Amino acid sequence: ECISKILPEARTAGVPLAIEPLHPMQAAERACVNTLEQALDVCDALGHGIGVAVDVYHVWWDPKLRQQIERAGKKRILAYHICDWRVPTRDLLNDRGMMGDGVIDLPTIRGMVERAGYAGAHEVEIFSKLDWWQRDPDEVLATCKERHAKVT
């Protein structure tokens, strides 16, 4: 409902809006849209000017992921966020792993997104209060570049 209120202004400004589904672990306090399917249903209802952000941390587990990425296609995938899911996870929000440190099949998901036509940026989102945020920023950046080239 709120998105529909701001969408006309976004369309006028030429700024597409992206819905980012969040992992169901955050359904109680942060998000009511938890799958790409749900996000794309909202997009279908609202029309042009809106799409999705594919954040692997939130969608890697979804059994309909391939189908929904194909459904989104080039026009509706507006962002692609990468990191990894650590096992065990010490903090559900701020313990994201560097690519290759967890269980997400990053090459497969990247392939899905690229086959769907997405050719935009890969945004690395390492929310990592217990690990990466405590390291030297130059080390973090060097590791991001290395892992992106090798793991994704």
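Computed from a predicted model, the values in this text were never measured in an experiment. Here, residue 1 is the first one in the sequence, and each next residue gets the next number.
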Could you pull out the closest heavy-atom pair between [X] and [Y], with the gap in Å?
{"X": "Asp84", "Y": "Gly102", "value": "OD2-N, 3.0 Å"}
{"X": "Glu20", "Y": "Asp55", "value": "OE2-OD2, 2.8 Å"}
{"X": "Ile126", "Y": "Trp133", "value": "O-NE1, 3.0 Å"}
{"X": "Asp95", "Y": "Pro88", "value": "OD2-O, 4.0 Å"}
{"X": "Leu40", "Y": "Gln68", "value": "CD1-O, 3.3 Å"}
{"X": "Ala18", "Y": "Ala53", "value": "CB-N, 4.1 Å"}

Counting only N and O atoms by type, is there a donor-acceptor contact under 3.5 Å from the side chain of [X] to the main-chain atoms of [Y]?
{"X": "Arg86", "Y": "Gly97", "result": "no"}
{"X": "Trp61", "Y": "Ile104", "result": "no"}
{"X": "Gln38", "Y": "Thr35", "result": "yes"}
{"X": "Asn34", "Y": "Leu22", "result": "yes"}
{"X": "Thr89", "Y": "Leu92", "result": "no"}
{"X": "His23", "Y": "His58", "result": "no"}

message: Is any side-chain heavy atom of Met98 closer than 4.5 Å to one of Trp132?
response: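 Side chain of Trp132 against side chain of Met98, heavy atoms only: contact under 4.5 Å found.
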
task: Taking the side chain as every heavy atom from C-beta outward, state whether Ile82 and Arg110 have any pair of such atoms under 4.5 Å apart.
output: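 Not touching, per the 4.5 Å side-chain cut-off.
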
message: As a quick check of understanding, evaluate side chain to side chain contact (heavy atoms under 4.5 Å, CB included) for Leu106 and His122, giving each step before the final call.
response: CA-CA 12 Å; Leu106 294 166; His122 294 192; over 6 Å; no

If I take atom [atom1] from residue [X] and atom [atom2] from residue [Y], how far apart are they, to the nearest 0.5 angstrom?
{"X": "Leu65", "Y": "Met112", "atom1": "CG", "atom2": "CE", "answer": "5.0 Å"}
{"X": "Leu7", "Y": "Cys43", "atom1": "CG", "atom2": "SG", "answer": "9.5 Å"}
{"X": "His48", "Y": "Arg76", "atom1": "NE2", "atom2": "CZ", "answer": "11.0 Å"}
{"X": "Ile3", "Y": "Ile50", "atom1": "CD1", "atom2": "CD1", "answer": "4.5 Å"}

query: Taking NZ, NE, NH1 and NH2 as the nitrogens, is one of them in Asp41 or Arg71 under 4.0 Å from a carboxylate oxygen of the other?
result: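 Yes, Asp41 and Arg71 are salt-bridged.
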
message: So for atom CD, which belongs to Glu114, do other residues, nucleotides or ligands contribute more than 12 heavy atoms lying within a distance under 6.0 Å?
response: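 Above 12, so yes.
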
field: Over 12 non-hydrogen atoms of neighbours within 6.0 angstrom of CZ in Arg66
entry: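 No, because the 6.0 Å sphere around CZ of Arg66 holds 12 heavy atoms or fewer from other groups.
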
query: Once the angle between the rings of Trp60 and Trp85 is folded into 0 to 90°, is it parallel (under 30°), tilted (30 to 60°) or perpendicular (over 60°)?
result: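 Because their plane-to-plane angle lies in the 30° to 60° range, the rings of Trp60 and Trp85 count as tilted.
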
task: Take Ile109 and Tyr80 through the test side chain to side chain contact (heavy atoms under 4.5 Å, CB included) and record every step on the way to the result.
output: CA-CA 10 Å; Ile109 296 174; Tyr80 179 54; 4.0 Å; yes

task: Let me see the working for Asn94 and Leu130 under side chain to side chain contact (heavy atoms under 4.5 Å, CB included), right down to the final yes or no.
output: CA-CA 8 Å; Asn94 290 316; Leu130 302 171; over 6 Å; no

